[in-house]
S.K.: 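Would you mind keeping the following structure in view while I ask a few things?
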Amino acid sequence: MERAIALAATVRRKVSPNPWVGAVIVAKGEVVGEGATSPPGGAHAEIAALKQARGAAKGATCYVTLEPCCHEGRTGSCVDALISAGITRVVIATTDPDEQVSGKGIEALRAAHLDVSLGMCQKMVESQLAPYLKHRRTHRPYVVLKLAMSLDGRIAAPDGTSKFITGIPAQNDAHELRADSDAILVGANTVRVDDPSLTVRLEDGNGASDAAVRDPLRVVLGKAAKGARVAPCLELSGNLGDILDDLGGRGVLQLLVEGGAHVAHGFHRAALVDHYVFYLAPALFGGDDALGAFAGKGAATLEEMFRGSITAITRLGEDLRIDLKARAS
C-alpha cells in the first residue's frame with residue numbers, strides 16, 4: 001500500500017479534478033503490476049496496473065488507495081476490470097465519497113465473491129487525498145491559507161510592501177503549494193499594491209522553468225486593476241461561502257488563499273480554512289505600524305481564541321514553515 005501511495009503522489013498535479021490514486025498488484029509475494037491515475041479521460045490506476053500485470057493478475061491481490069469505481073464514465077468500471085482479470089483479493093485504503101461510488105464499489109466486489117479489506121494506511125491516504133475527499137463530500141474546495149510573515153506576525157511594512165519577507169527556499173516552497181492547487185485567490189487590494197502574477201515558477205532540475213506544471217486558475221476578490229499581471233483572471237465578489245460553491249462547481253479541488261490581511265481574516269473568521277501554512281522569517285518589524293496577518297476583529301477572550309493542531313514544522317533555509325490544521329470537533 002505504501003508503494004501505491006507513492007505512485008499516487010507522482011500524478012498529484014496531473015489528474016485533478018479526478019483523484020490521484022495508486023494501485024499495485026501482487027501475486028505470490030511479487031509485484032506483477034502497478035499504475036497510477038492518468039489525466040482525465042485516461043486509464044484509472046487499477047486499469048494501468050492490470051495492463052502491466054496481464055495474465056499474472058489471475059488469483060492476485062490488488063492494493064489500491066481509493067475504492068474502485070463501479071460505474072461507466074469516460075473510462076470503464078474498475079470493479080468489472082478487476083473481476084474480469086481474476087483478481088481474488090482487493091485491499092483498499094479508504095472509501096470514495098463520490099455519490100457514484102460511495103461504498104457501491106466494495107459491495108460489487110464482495111457480491112462477486114472477492115475478498116475485500118478496507119482501512120490499510122487509511123490516515124495516510126486520507127491526508128494525501130484531502131482536497132478530493134472534501135470536494136466530493138461538500139462540493140467545495142479544500143482551502144489552504146498561506147501567509148509569509150515576520151516572527152512578530154507582520155506580513156507587510158507600513159508602506160505596504162511585502163515581497164521577500166522570506167528567503168528563496170521558502171519562496172520556492174510556496175510555488176510548490178501553488179502547483180498543488182487548482183486555483184489561487186487574492187484580494188483586489190493585493191493586486192493593486194503588489195501586482196502579483198500568481199503563476200507557478202518551478203525549475204525542472206536542469207535550472208529551466210518546468211513547463212509541465214500548469215498554472216492554477218487565478219481568482220481576484222473584487223475588481224482587478226487595469227493592466228495588472230494577474231489578467232486574465234476570474235473576478236468574484238460576495239459571500240465567501242457562495243464563492244467556494246462557485247469554485248467547487250468549476251472543479252476546483254484545492255484553493256490557495258494568498259491574501260491580503262482582510263481576505264485572510266475573512267476566511268479565518270468564517271471558519272472556512274482547512275489548512276494554514278505559515279512561513280516565518282527570522283525578522284522583526286518591532287512595532288504595531290506594520291501590517292498584521294489578519295485585518296479585522298479577532299477573538300475577544302482566550303476561550304474564543306482559535307486553537308489548531310500543528311502537523312509539521314519544516315526548516316527552509318533561514319525560515320520555518322509551520323503547517324496548522326483545525327482540531328477535529
Side-chain angles (χ1 to χ4, degrees), residues 5-22 36-40 42 127-132 135 141-149 155 162-186 190-191 194-220 224 228-234 247 250-260 263-264 273-281 311-324:
I5 293 170
L7 288 167
T10 66
V11 297
R12 167 71 177 85
R13 298 170 180 172
K14 302 175 183 176
V15 302
S16 181
N18 289 344
W20 35 104
V21 178
T37 309
S38 297
S127 177
Q128 183 182 61
L129 280 173
Y132 170 81
H135 182 271
Y142 184 83
V143 178
V144 179
L145 174 60
K146 185 218 82 174
L147 291 166
M149 63 181 70
I155 64 171
S162 62
K163 291 183 178 179
F164 312 127
I165 287 178
T166 56
I168 296 298
Q171 293 171 37
N172 289 340
D173 190 76
H175 280 282
E176 299 284 353
L177 265 182
R178 286 184 178 183
D180 282 339
S181 301
D182 302 292
I184 304 175
L185 183 148
V186 297
T190 295
V191 174
D194 291 339
D195 189 23
S197 64
L198 302 184
T199 55
V200 177
R201 296 184 292 280
L202 296 174
E203 293 184 355
D204 63 2
N206 298 311
S209 177
D210 189 351
V213 179
R214 61 176 172 78
D215 287 323
L217 172 69
R218 297 180 291 185
V219 183
V220 175
R229 289 194 299 163
V230 75
C233 65
L234 176 64
L247 294 174
R250 297 172 187 266
V252 173
L253 301 190
Q254 179 164 302
L255 172 66
L256 179 61
V257 178
E258 289 207 357
V263 172
V273 180
D274 298 292
H275 188 138
Y276 298 78
V277 177
F278 298 104
Y279 293 102
L280 298 181
T311 59
I313 300 176
T314 309
R315 183 75 179 260
L316 298 167
E318 294 297 314
D319 306 313
L320 291 179
R321 169 176 165 164
I322 299 179
D323 287 70
L324 180 75

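Remember, predicted model here, so these are calculated numbers, not experimental data.
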S.K.: Rounded to the nearest 0.5 Å, what's the gap from CD1 on Ile313 to CG on Leu320? Could you check?
M.R.: 7.5 Å
S.K.: Testing the basics here: between Gly259 and Thr190, what is the closest heavy-atom pair and its distance to 0.1 Å?
M.R.: C-OG1, 3.5 Å
S.K.: Side chains of Arg321 and Leu177: does their closest heavy-atom pair fall under 4.5 Å?
M.R.: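 Sidechains of Leu177 and Arg321: in contact.
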S.K.: Please determine whether a side-chain nitrogen of the Lys or Arg among Asp173 and Lys146 lies less than 4.0 Å from a carboxylate oxygen of the Asp or Glu.
M.R.: no
S.K.: Nearest 0.5 Å, please: how far is CD1 in Ile322 from OG1 in Thr311?
M.R.: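 If we round to the nearest 0.5 Å, Thr311:OG1 and Ile322:CD1 are 10.5 Å apart.
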S.K.: What's the shortest heavy-atom distance between Leu324 and Phe278, and which atoms?
M.R.: CD2-CE1, 3.9 Å
S.K.: Assess the residue pair Leu280 and Met149 against the criterion (side chain to side chain contact (heavy atoms under 4.5 Å, CB included)); give the C-alpha distance rounded to whole Å, side-chain angles, the decisive distance to 0.1 Å, and a yes or no.
M.R.: CA-CA 5 Å; Leu280 298 181; Met149 63 181 70; 3.3 Å; yes
S.K.: Quick check against the 3.5 Å criterion: does Thr37 have a side-chain atom that pairs as donor or acceptor with the backbone of Pro19?
M.R.: yes
S.K.: Give the minimum heavy-atom separation between Leu253 and Pro17, together with the two atoms involved.
M.R.: CD1-O, 3.5 Å
S.K.: Do Val219 and Leu247 make a side-chain contact, defined as non-hydrogen atoms from C-beta onward lying under 4.5 Å apart?
M.R.: yes
S.K.: Give, for atom CG of Leu202 and atom CG of Asn172, the distance between the pair rounded to the nearest 0.5 Å.
M.R.: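 One gets 7.5 Å once the value is rounded to the nearest 0.5 Å.
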S.K.: With respect to Arg218, which candidate in Leu234, Thr199, Val186 satisfies the side-chain contact (heavy atoms from CB on, under 4.5 Å) definition?
M.R.: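 Per the side-chain contact (heavy atoms from CB on, under 4.5 Å) rule, the option paired with Arg218 is Thr199, out of Leu234, Thr199, Val186.
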S.K.: Let me see the working for Asp180 and Arg13 under side chain to side chain contact (heavy atoms under 4.5 Å, CB included), right down to the final yes or no.
M.R.: CA-CA 6 Å; Asp180 282 339; Arg13 298 170 180 172; 2.8 Å; yes
S.K.: Would you say Ser16 and Arg12 are linked by a side-chain donor-acceptor pair, where the criterion is simply a distance under 3.5 Å?
M.R.: no
S.K.: Are side-chain heavy atoms of Gln254 and Val144 found at a separation under 4.5 Å?
M.R.: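 Gln254 reaches Val144 side chain to side chain.
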S.K.: Evaluate salt bridge (charged side-chain N to carboxylate O under 4.0 Å, His left out) for Arg201 paired with Asp215, printing each intermediate quantity in order.
M.R.: CA-CA 9 Å; Arg201 296 184 292 280; Asp215 287 323; over 6 Å; no
S.K.: Does Gln128 offer a backbone N or O that forms a donor-acceptor pair with the side chain of Trp20 under 3.5 Å?
M.R.: yes
S.K.: Applying salt bridge (charged side-chain N to carboxylate O under 4.0 Å, His left out), name anything that partners Arg250, two or more places apart in sequence or on another chain.
M.R.: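 Applying salt bridge (charged side-chain N to carboxylate O under 4.0 Å, His left out) to Arg250 gives Asp246.
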S.K.: Using the side chain to side chain contact (heavy atoms under 4.5 Å, CB included) rule, take Gln171 and Ile165 through it: C-alpha gap first, then chi angles, then the decisive distance, then the call.
M.R.: CA-CA 9 Å; Gln171 293 171 37; Ile165 287 178; over 6 Å; no
S.K.: So which heavy atom on Ala281 is nearest to which on Asp319, and how close?
M.R.: CA-OD1, 3.3 Å
S.K.: Report, as yes or no, whether the 6.0 Å neighbourhood of atom CD on Glu318 holds more than 12 heavy atoms from other residues, nucleotides or ligands.
M.R.: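 12 or below, so no.
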S.K.: Could you report the tightest heavy-atom contact between Pro216 and Ser181, atom names first, then the distance?
M.R.: CB-O, 3.4 Å
S.K.: Measure the shortest side-chain to side-chain distance between Leu185 and Leu256 over non-hydrogen atoms and say whether it is less than 4.5 angstrom.
M.R.: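 The answer is no, as the side chains (C-beta and beyond) never meet within the 4.5 Å cut-off.
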S.K.: With side chains defined as the heavy atoms from C-beta onward, is the minimum distance between His135 and Tyr142 less than 4.5 Å?
M.R.: no
S.K.: Where is the tightest heavy-atom contact between Ile155 and Ala148, given as atom of each residue plus distance?
M.R.: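 Result for this residue pair: CG2-O, 3.5 Å.
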S.K.: Decide yes or no for Tyr279 and Leu316: does some side-chain heavy atom of the first lie under 4.5 Å from some side-chain heavy atom of the second?
M.R.: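 Heavy-atom side-chain distance check passes, below 4.5 Å.
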S.K.: Can you find a heavy atom in the side chain of Leu198 that is under 4.5 Å from one in the side chain of Glu258?
M.R.: yes
